[in-house]
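Just so you know, ligand 1 is whichever comes first in the structure, and atom 1 is the first atom listed for that ligand.
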Amino acid sequence: MMKIAVIGAGYVGFANAVVLSRHHEVVLVDIDTERVSRVQHGRPALDEPGMAEFMANNQLNLKATTKLPEAVTGATWTIIATPTNFNTESRQFDTRSVEATIAAARRVNPETNVAIKSTIPVGFTEMMRGRYETSNILFAPEFLRESKSLEDCLHPSRIVVGSRGQAGQEFAELMLEAAEDDNVPVLQTGPREAEAIKLFANSYLALRVAYFNEIDTYAATQDLSAGDIIAGVSMDRRIGDFYNNPSFGYGGYCLPKDTRQLLANYAGIPQDLISAVVKSNETRESFIASDILTHQPRVVGVHRLIMKAGSDNFRSSSIFAVISKLRTADIEVIIYEPATNANIVEGCRVIPDLAEFKRRSDIIVANRLSPELADANEKVYSRDLYARD
Ligand SMILES: NC(=O)c1ccc[n+]([C@@H]2O[C@H](COP(=O)([O-])OP(=O)(O)OC[C@H]3O[C@@H](n4cnc5c(N)ncnc54)[C@H](O)[C@@H]3O)[C@@H](O)[C@H]2O)c1
């Protein structure tokens with residue numbers, strides 16, 4: 001058993017801390033006192049499916065604190081899962097929370113091995129290794145999905161570690177031990193390859209979403225059945241009948257920012273696809289807004305702001321771009337979102353009562369269909385074919 005510090009109690013940090021704490025002493029650190037307090041009281045930092053039950057049914061050696069030194073002192077590993085938001089001015093990830101964490105951890109315990117799980121630009125790990133003249137900083141990309149974070153930590157698709165040496169092997173073993181499956185594929189690469197793997201994997205997912213959305217745009221404008229076209233295309237085993245459900249655009253915390261970061265890493269390198277993926281998503285959002293406007297609504301009701309079915313947050317949902325285009329066209333937009341009563345979009349009222357929301361909307365815009373809209377079917381506008389993500 002060893003001591004492990006996990007910095008950042010979000011989707012990535014919390015799920016990893018929980019699964020690691022079955023075998024090791026884990027101390028989770030966050031600046032968000034509410035998340036820390038929840039963990040201190042034996043509750044999940046976030047309401048991820050299955051998490052509360054998993055915590056109740058397993059013996060966990062898990063503590064939480066706001067004080068980084070307490071966690072990092074004596075820790076063999078410090079795992080970093082703080083945010084790397086996209087900075088729209090520099091057009092790069094803002095890596096300051098990761099850099100500050102590395103600096104603080106090394107001040108307390110220069111011997112701790114640092115594993116970065118936050119998604120970072122290509123070249124970041126080498127920059128940090130150079131800054132501190134050490135090789136005990138590595139990057140291990142995280143592939144978990146929000147709302148499936150526990151499941152994905154227990155049953156990972158693969159373990160990629162951006163360090164070819166002994167430390168990389170030890171970190172891969174730590175991740176393997178936390179997983180419940182045998183035979184999880186492990187890939188050890190150089191730091192920059194691992195950073196690239198994460199950005200290329202997410203950009204492929206974004207490209208796939210954009211591709212099926214463009215099929216849908218074509219079908220909608222040509223009066224064709226998108227369902228028939230997508231079904232026939234997806235029957236090819238090389239393409240597959242999954243991750244092919246049209247939406248208003250890809251959204252969420254990762255795909256929009258990771259595609260843009262990859263584009264930044266392509267500076268000076270010939271490419272067309274990555275910029276096309278980013279542009280295609282914007283074109284899709286504009287198409288959805290103009291398609292809604294062809295129905296000449298006076299009041300548009302937006303049903304849910306969440307970025308995908310089953311999600312508990314709205315980070316970078318494509319619906320925000322659609323709302324903003326509708327507002328530019330001077331359309332009144334009202335919102336139904338049970339996850340919040342706050343008026344989180346300026347100029348758009350949140351209507352907490354579903355029946356009133358339905359009554360007041362001329363058209364109900366839903367990125368994903370829901371049984372609760374069944375009685376207002378004639379008002380619903382959606383491009384969802386399969387009622388799944
Ligand atoms: N959400 C995902 O599905 C997912 C998947 C793979 C990779 N990632 C990457 O992992 C990273 C974290 O994502 P997330 O979704 O878990 O983020 P999150 O916003 O859910 O959680 C991040 C946490 O870090 C805390 N934090 C911020 N600065 C801190 C600091 N200086 N010290 C301590 N805590 C601090 C925040 O309060 C927050 O609780 C990002 O780089 C993201 O791109 C996310």
Undergrad: Of the choices N85, L28, I7, which has the non-hydrogen atom that lies closest to atom 33 (C) of ligand 1?
TA: I7
Undergrad: Using the ring of each side chain (for Trp, its six-membered ring), is F200 parallel, tilted or perpendicular to Y266, with breaks at 30° and 60°?
TA: perpendicular
Undergrad: Does a donor on one side chain sit under 3.5 Å from an acceptor on the other, for S382 and D384?
TA: no
Undergrad: Would you check whether D258 has a nitrogen or oxygen atom less than 3.5 angstrom from a nitrogen or oxygen atom of ligand 1?
TA: no
Undergrad: Can you tell me which residue and heavy atom of the protein come closest to atom 37 (O) of ligand 1, and the distance to 0.1 Å?
TA: D30 OD1, 2.6 Å
Undergrad: Which residue and atom name correspond to the protein heavy atom nearest atom 28 (N) of ligand 1, and how close is it?
TA: I31 CD1, 3.6 Å
Undergrad: Which ligand 1 atoms does K198 reach within 4.0 Å, using its non-hydrogen atoms?
TA: 6 (C)
Undergrad: Where is the nearest protein heavy atom to atom 7 (C) of ligand 1: which residue, which atom, and how far?
TA: T119 OG1, 3.6 Å
Undergrad: Going by atom types alone, do D291 and Y381 pair a side-chain donor with an acceptor below 3.5 Å?
TA: yes
Undergrad: Counting both backbone and side chain atoms, is some N or O of Y11 under 3.5 Å from an N or O of ligand 1?
TA: yes
Undergrad: Considering only non-hydrogen protein atoms, determine which one is nearest to atom 19 (O) of ligand 1 and report residue, atom name and distance to 0.1 Å.
TA: R315 NH1, 2.9 Å
Undergrad: With heavy atoms of G10 as the reference, note each atom of ligand 1 found under 4.0 Å away.
TA: 16 (O), 18 (P), 20 (O), 21 (O), 23 (C)
Undergrad: Tell me which protein heavy atom sits closest to atom 8 (N) of ligand 1, plus the residue, atom name and distance to 0.1 Å.
TA: V12 CG2, 3.5 Å
Undergrad: Find the distance between CD (E89) and CG (D94) and round it off to the nearest 0.5 Å.
TA: 11.0 Å
Undergrad: Ignoring hydrogens and angles, state whether a donor on the side chain of H303 or E337 is under 3.5 Å from an acceptor on the partner side chain.
TA: no
Undergrad: Just checking, any donor-acceptor pair under 3.5 angstrom between side chains of N61 and S21?
TA: no
Undergrad: Going by heavy-atom distance to atom 27 (C) of ligand 1, choose the closest among P83, A100, S97.
TA: P83
Undergrad: Go through the side-chain N and O atoms of T78 and T112 and say whether any donor and acceptor fall under 3.5 Å apart.
TA: yes
Undergrad: Side chain or backbone, does E146 bring an N or O within less than 3.5 Å of an N or O on ligand 1?
TA: yes
Undergrad: Specify the protein heavy atom at minimum distance from atom 42 (C) of ligand 1: its residue, its atom name, and the distance to 0.1 Å.
TA: Y253 CE2, 3.4 Å
Undergrad: Give the residue, atom name and distance (to 0.1 Å) of the protein heavy atom nearest atom 5 (C) of ligand 1.
TA: L144 O, 3.4 Å
Undergrad: Have N16 and E142 got a donor and an acceptor in their side chains that come within less than 3.5 Å?
TA: yes
Undergrad: Is it true that E282 and S286 share a donor-acceptor pair across their side chains at a distance under 3.5 Å?
TA: no
Undergrad: Is there a donor-acceptor contact under 3.5 Å linking the side chains of Y253 and N313?
TA: no
Undergrad: Atoms of ligand 1 less than 4.0 Å from D32 heavy atoms?
TA: 37 (O)
Undergrad: How close does the nearest protein non-hydrogen atom get to atom 43 (O) of ligand 1, and which residue and atom is it?
TA: K257 NZ, 2.6 Å
Undergrad: Shortest non-hydrogen contact from H155 to D181?
TA: ND1-OD1, 2.7 Å
Undergrad: So if I count the atoms of ligand 1 from 1 in the order they appear, which ones are less than 4.0 Å from some heavy atom of A81?
TA: 12 (C), 22 (C)
Undergrad: Out of all atoms in ligand 1, which are within 4.0 Å of some heavy atom of S118? Include the element for each.
TA: 10 (O), 11 (C), 41 (O)
Undergrad: Compare A71, S311, C254, A201 and give the one whose heavy atom is closest to atom 2 (C) of ligand 1.
TA: C254
